[in-house]
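Per chain, numbering begins at 1; letters A, B, ... match sequence-line order. Just so it is clear, the model here is predicted, and its values are computed rather than measured.
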Protein chains: 2
Amino acid sequence: MDGLVDGGPRDHVVAVADDLFFTHGVHAVTMQRIRSEAGVPLKKLYGMFPSKDVLLAASLERRDRIALCAITERAETCDDPVERALAVFDFLDDWFRQPGFHGCVFAGAFGESGAAAPVVVSAVRAHKRSLRELVTALVAGTGVRNADAVGAQLAVLVDGAMAVATFTGDTDAARNARQAARTVLDTALRD
Amino acid sequence: MDGLVDGGPRDHVVAVADDLFFTHGVHAVTMQRIRSEAGVPLKKLYGMFPSKDVLLAASLERRDRIALCAITERAETCDDPVERALAVFDFLDDWFRQPGFHGCVFAGAFGESGAAAPVVVSAVRAHKRSLRELVTALVAGTGVRNADAVGAQLAVLVDGAMAVATFTGDTDAARNARQAARTVLDTALRD
DNA sequence: GACAGGTGAGAATGATGGTTCTCACGCCGC
DNA sequence: GCGGCGTGAGAACCATCATTCTCACCTGTC
């Protein structure tokens with residue numbers, strides 16, 4: 001969570017908006033509500049962000065950093081490189097089992113604005129890309145040869161776990177994904 | 001596509017709505033538009049379906065049947081049981097590369113109505129469940145022992161491929177997922 | 001104390017889109 | 001022919017927000 005706040009009012013608004021989007025889902029959060037929670041008049045809100053989409057995109061960037069930090073920290077608690085690469089699934093497992101879980105904010109944001117908000121789409125893509133890069137880097141740490149290919153496969157598993165957990169409420173999604181990831185990783189390490 | 005139409009006006013409306021939702025995305029299709037395309041007055045539309053959510057849910061049920069049929073047909077063209085189980089990824093691969101592809105309708109519907117429309121949520125869950133059951137059945141056909149566990153893992157890969165293709169536009173998603181699925185399946189068959 | 005400028009709080013506006021209502025027309029039995 | 005009645009077409013209604021506007025208040029200055 002460090003490095004996310006510089007104390008300025010803009011960052012405060014982004015932090016509040018991000019928390020609301022994350023906690024209640026994108027479509028349940030109105031500008032009025034952000035205004036109330038942040039204690040900022042609407043005029044100033046629109047002075048900082050020309051539209052809700054832009055504010056949403058800024059919140060997604062913040063959430064991206066938070067998520068990557070959390071995953072990285074979790075990975076660093078593992079000594080074994082393979083366990084470290086699989087830590088992302090443990091992170092997901094914990095998250096899915098939290099009471100307020102209601103799906104990936106990025107998926108929600110994408111669904112909400114569709115292709116109508118390019119700024120949101122690019123924030124979502126940036127997050128998915130950085131997530132994939134993080135996974136690939138962790139995979140590379142295992143010493144596997146084709147880290148890019150294996151990283152791409154693990155990234156699919158990460159998004160798949162998220163989709164299954166969101167749509168079906170199946171809290172075992174992360175464990176199934178982890179099992180598949182372990183198989184993929186072990187196989188790649190064998191040759 | 002057979003067995004989907006009985007010629008009644010209700011099925012006609014569902015077919016038109018489903019095509020629109022599938023082609024343009026859920027959030028881009030209004031009741032007015034369905035009314036126009038189906039050539040049915042709004043009053044009759046609301047006589048058949050009390051709300052858009054109910055119509056959407058009916059469309060999703062139809063789409064569920066279409067998708068499962070298409071995947072099954074595709075699988076039946078393969079002789080090798082393993083190839084048959086992996087055929088779903090070939091199906092996805094073709095789909096992702098089609099020009100008008102813009103993501104899974106079920107994901108779109110879920111994002112649109114969120115938890116606000118239980119009827120939609122249950123339609124989405126039913127689809128994901130039947131998809132998983134189909135995959136598991138195909139996996140069982142390979143003679144693998146723990147077909148349920150492997151089926152669950154492949155289901156995660158299916159949803160993951162869909163998520164990656166939708167959010168990032170990465171058309172290789174299905175191939176990455178297929179590669180991972182093959183590894184999982186081969187490993188399961190080995191012991 | 002009086003005034004200008006900025007600021008906060010929330011009301012007004014505008015657009016969208018689901019849902020309901022009106023109304024005119026053609027069809028049916030008499 | 002004529003009076004109801006179902007039906008089609010779309011206008012009207014209503015709620016929900018994003019976005020903008022108004023206005024009273026406060027503050028600092030002379």
Side-chain angles (χ1 to χ4, degrees), chain A residues 7-14 16-60 105 108-121 123, chain B residues 7-60 102 105 108-121 123:
Chain A
R10 193 181 191 278
D11 284 327
H12 175 238
V13 168
V14 171
V16 167
D18 174 40
D19 281 351
L20 286 172
F21 287 137
F22 187 73
T23 311
H24 300 95
V26 173
H27 74 287
V29 176
T30 67
M31 290 296 265
Q32 314 281 343
R33 187 161 183 189
I34 295 170
R35 182 210 80 119
S36 301
E37 303 264 336
V40 164
L42 275 182
K43 190 185 273 184
K44 183 171 267 186
L45 205 53
Y46 279 95
M48 293 169 172
F49 306 94
S51 73
K52 190 187 185 184
D53 289 335
V54 175
L55 172 53
L56 175 56
S59 304
L60 292 179
V105 214
F110 194 94
E112 172 110 344
S113 345
V119 66
V120 172
V121 172
Chain B
R10 193 180 190 280
D11 285 326
H12 175 238
V13 168
V14 171
V16 167
D18 173 39
D19 281 351
L20 286 172
F21 287 137
F22 186 74
T23 311
H24 299 94
V26 172
H27 74 288
V29 176
T30 67
M31 290 297 265
Q32 315 282 341
R33 187 161 183 188
I34 295 170
R35 183 210 81 120
S36 301
E37 303 265 335
V40 163
L42 274 182
K43 190 186 272 184
K44 183 171 266 186
L45 205 53
Y46 279 96
M48 293 169 172
F49 306 94
S51 73
K52 189 188 185 185
D53 289 334
V54 175
L55 172 53
L56 174 56
S59 304
L60 292 179
H102 56 73
V105 214
F110 194 94
E112 172 111 342
S113 344
V119 66
V120 172
V121 172

Using side chain to side chain donor-acceptor pair (under 3.5 Å) as the criterion, list what pairs up with A:Asp53, not counting sequence neighbours.
-> none
Go through DNA chain C in 5' to 3' direction and return only the first and the last nucleotide with some atom under 4.0 Å of chain B's heavy atoms.
-> C:dG18 to C:dT22
Whole angstrom is fine here: how far is it from [atom1] in [X] over to [atom2] in [N]?
X	N	atom1	atom2	value
A:Leu55	D:dT19	CG	P	10 Å
A:Lys52	D:dT20	NZ	P	15 Å
A:Leu56	D:dA18	CG	P	11 Å
A:Asp53	D:dT19	CG	C1'	12 Å

side-chain contact (heavy atoms from CB on, under 4.5 Å) filter on B:Ala17, not counting sequence neighbours, yields B:Phe21, B:Ile34, B:Leu55, B:Ser59
For A:Arg10, all residues meeting side-chain contact (heavy atoms from CB on, under 4.5 Å), sequence neighbours excluded | A:Val14, A:Phe49
Table please: side-chain donor-acceptor pairs of residues 36-46 of chain B below 3.5 Å, with sequence neighbours left out.
from	atom 1	to	atom 2	distance (Å)
B:Ser36	OG	B:Gln32	O	3.0

Determine to 10° how strongly the helix from C:dG1-D:dC30 to C:dC30-D:dG1 is bent, judged from the axes of its five-pair ends.
-> 30°
Do you know the tightest heavy-atom contact between A:Met48 and A:Pro9?
-> CE-CB, 3.6 Å
D:dT19 base to A:Gln32 side chain: any donor-acceptor pair below 3.5 Å?
-> yes
Exam field: side chain A:His27 to backbone A:Ala109, donor-acceptor pair closer than 3.5 Å = no
Those residues of residues 38-51 of chain A lying under 4.0 Å from DNA chain C by at least one heavy atom | A:Pro41, A:Leu42, A:Lys43, A:Lys44
Please round to the nearest 0.5 Å and tell me the distance separating atom CZ of A:Arg35 and atom OG1 of A:Thr30.
-> 9.5 Å
From CA spacing to verdict: side-chain contact (heavy atoms from CB on, under 4.5 Å), B:Phe110, B:Val121 = CA-CA 6 Å; B:Phe110 194 94; B:Val121 172; 4.2 Å; yes
Identified side-chain contact (heavy atoms from CB on, under 4.5 Å) partner of B:Val105 from the options B:Asp18, B:Thr23, B:Leu56, B:Val26 = B:Val26
